[in-house]
4 protein chains.
Amino acid sequence: MSSEFQSSQPIYMQIVDRIIIDILQEKQSLGGKMPSVREMAIKMGVNPNTIQRAYSELERMDIVETRRGQGTFVLENDDLLDQLRDSMQKEFIENYVQKMKEIGASNQQMISQLKRYLKEDE
Amino acid sequence: MSSEFQSSQPIYMQIVDRIIIDILQEKQSLGGKMPSVREMAIKMGVNPNTIQRAYSELERMDIVETRRGQGTFVLENDDLLDQLRDSMQKEFIENYVQKMKEIGASNQQMISQLKRYLKEDE
Amino acid sequence: MSSEFQSSQPIYMQIVDRIIIDILQEKQSLGGKMPSVREMAIKMGVNPNTIQRAYSELERMDIVETRRGQGTFVLENDDLLDQLRDSMQKEFIENYVQKMKEIGASNQQMISQLKRYLKEDE
Amino acid sequence: MSSEFQSSQPIYMQIVDRIIIDILQEKQSLGGKMPSVREMAIKMGVNPNTIQRAYSELERMDIVETRRGQGTFVLENDDLLDQLRDSMQKEFIENYVQKMKEIGASNQQMISQLKRYLKEDE
DNA sequence: GTGGTCTAGACCACC
DNA sequence: GTGGTCTAGACCACT
């Protein structure tokens with residue numbers, strides 16, 4: 001039962017998420033060059049192998065490509081970004097809805113509370 | 001920079017949250033007796049001291065009281081449930097909004113996406 | 001009935017009191033750094049966890065703050081000293097009055113005896 | 001240094017104090033019979049030997065006398081009681097003054113605070 | 001080096 | 001049986 005604690009994702013996946021967010025926030029421009037594995041390893045404070053694995057995963061997801069001798073580049077795929085944004089949004093919403101349900105909030109309440117919060121925030 | 005990884009809350013606080021949710025879901029009735037420290041420790045798969053600390057925190061928050069030699073009891077405070085529900089809702093909303101902002105969603109989008117999701121869910 | 005014996009406060013609370021007195025006596029300056037948990041543990045001859053608990057209690061009372069990796073510091077709150085002094089004085093007076101009542105002293109006697117004692121003391 | 005903690009008096013002396021207070025409060029009348037050693041041991045939840053020692057101490061202090069085959073009796077010594085009352089009062093006052101000094105209160109303050117407290121108490 | 005958390009195991013007071 | 005306290009020793013995150 002104690003297995004639920006410490007439920008953090010593998011570090012390389014957390015890095016994948018972080019990089020995707022950087023791209024969505026346009027801190028990493030489409031078509032632009034990513035930091036080298038070694039650079040990124042220092043910046044993130046992890047082992048270069050961990051970064052390598054994150055980059056490989058991003059390549060598998062068709063988010064970046066590696067060009068031998070040049071480095072790793074973000075693909076210029078606009079649709080992809082939209083898809084990523086949508087899927088992350090969905091994840092966040094699911095998380096929100098699931099937790100609100102747990103404490104007994106109705107759909108109406110979920111929406112009205114959110115609206116109220118955002119208005120206060122302006 | 002590696003600091004953000006493994007950023008899970010302390011176990012005793014996770015247990016506090018879980019117990020609060022149990023109370024909100026009325027799995028733990030107001031005025032009712034909590035499992036003993038030792039029982040809960042076995043159920044949760046953690047050390048009794050960790051449960052003890054969680055219970056102490058709940059007592060500090062005026063959610064439970066301990067009666068020497070008898071056990072730990074949920075207070076029978078009617079406002080309590082509402083207060084807890086509100087504060088947890090706020091926490092969930094803040095979490096949702098912050099993450100949505102990170103990937104560049106506008107306030108309008110946060111609301112409309114949520115609505116759309118909830119309708120699909122019916 | 002044997003319950004009243006050995007009725008000493010928990011060690012960590014005794015340490016809390018002692019530290020508060022040190023602050024009131026300005027042996028611990030406002031804003032100054034407290035001895036580290038380990039140092040204090042050796043000085044007091046108790047387990048570091050016991051000091052940790054005392055420091056946590058002091059933090060809960062808004063008397064000190066901890067800065068990760070730096071240490072524990074006394075807050076620089078000018079009102080703090082007055083508040084602490086008042087609450088401790090009240091505690092001492094209550095203790096005095098309660099004991100005097102137990103042996104049948106009147107309010108008048110409590111005051112006159114005290115005055116007499118203080119004059120002898122000059 | 002840890003020796004200062006657990007600084008409680010021996011149990012038999014605590015019992016001596018308690019009995020003296022009972023006499024001062026006239027719960028035990030002058031000249032009256034004390035409970036038997038065995039009775040008192042049960043009432044106090046301690047070993048009869050501990051009570052025996054307390055009674056012996058009280059006899060040494062000329063507060064009680066034992067009459068073979070009859071039991072233990074409080075002496076009818078009015079002066080003694082006054083002396084006891086005085087010495088206990090002195091102890092309480094010393095304790096109060098010493099603690100107030102520790103946190104930097106002046107003699108004037110010790111008196112005025114006490115007066116104020118007693119008035120609120122009426 | 002700092003404090004924060006967790007475990008294991010002990011003893012105590014109270015019911 | 002209950003919770004409350006304390007110790008010893010470990011590992012972690014942060015500076």
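Residue numbering restarts at 1 for every chain, and letters A, B, ... go by the order of the sequence lines.
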Flag, side chain of A:Arg38 to backbone of A:Pro48, donor-acceptor distance under 3.5 Å = no
Minimum-distance pair of heavy atoms, taken over all atoms of [X] and [Y]:
| X | Y | value |
| --- | --- | --- |
| A:Lys99 | B:Asn95 | NZ-ND2, 4.3 Å |
| C:Leu30 | C:Leu75 | CD2-O, 3.5 Å |
| B:Tyr12 | B:Ala54 | O-CB, 3.7 Å |
| D:Tyr96 | D:Met110 | OH-O, 3.0 Å |
| C:Arg85 | D:Gly104 | NH1-CA, 4.4 Å |

Got a sec, which pairs hit side-chain hydrogen bond (donor to acceptor under 3.5 Å, both in side chains) with one end in residues 19-34 of chain C, sequence neighbours left out?
-> C:Gln25-C:Lys27
Measure all distances between protein nitrogen or oxygen atoms and nitrogen or oxygen atoms of nucleotides 2-5 of chain E, and list the pairs falling under 3.5 Å.
from	atom 1	to	atom 2	distance (Å)
E:dT2	OP1	C:Ser36	OG	3.3
E:dG3	OP1	C:Val37	N	3.3
E:dG3	OP2	C:Val37	N	2.9
E:dG3	N7	C:Arg38	NH1	3.1
E:dG3	O6	C:Arg38	NH2	3.3
E:dG4	OP1	C:Thr66	OG1	3.2
E:dG4	OP2	C:Gln52	OE1	2.5
E:dT5	OP2	B:Arg53	NH2	2.7

Whole angstrom value for the distance that separates P of E:dT7 from CG of C:Asn47 = 17 Å
From the list C:Ile63, C:Ile19, C:Ile15, C:Thr50, side-chain contact (heavy atoms from CB on, under 4.5 Å) with C:Tyr55 holds only for C:Ile19
Watson-Crick and G-U pairing of DNA chain F written in dot-bracket, each distance under 3.5 angstrom, with | for inter-strand partners | ||||||||||||||.
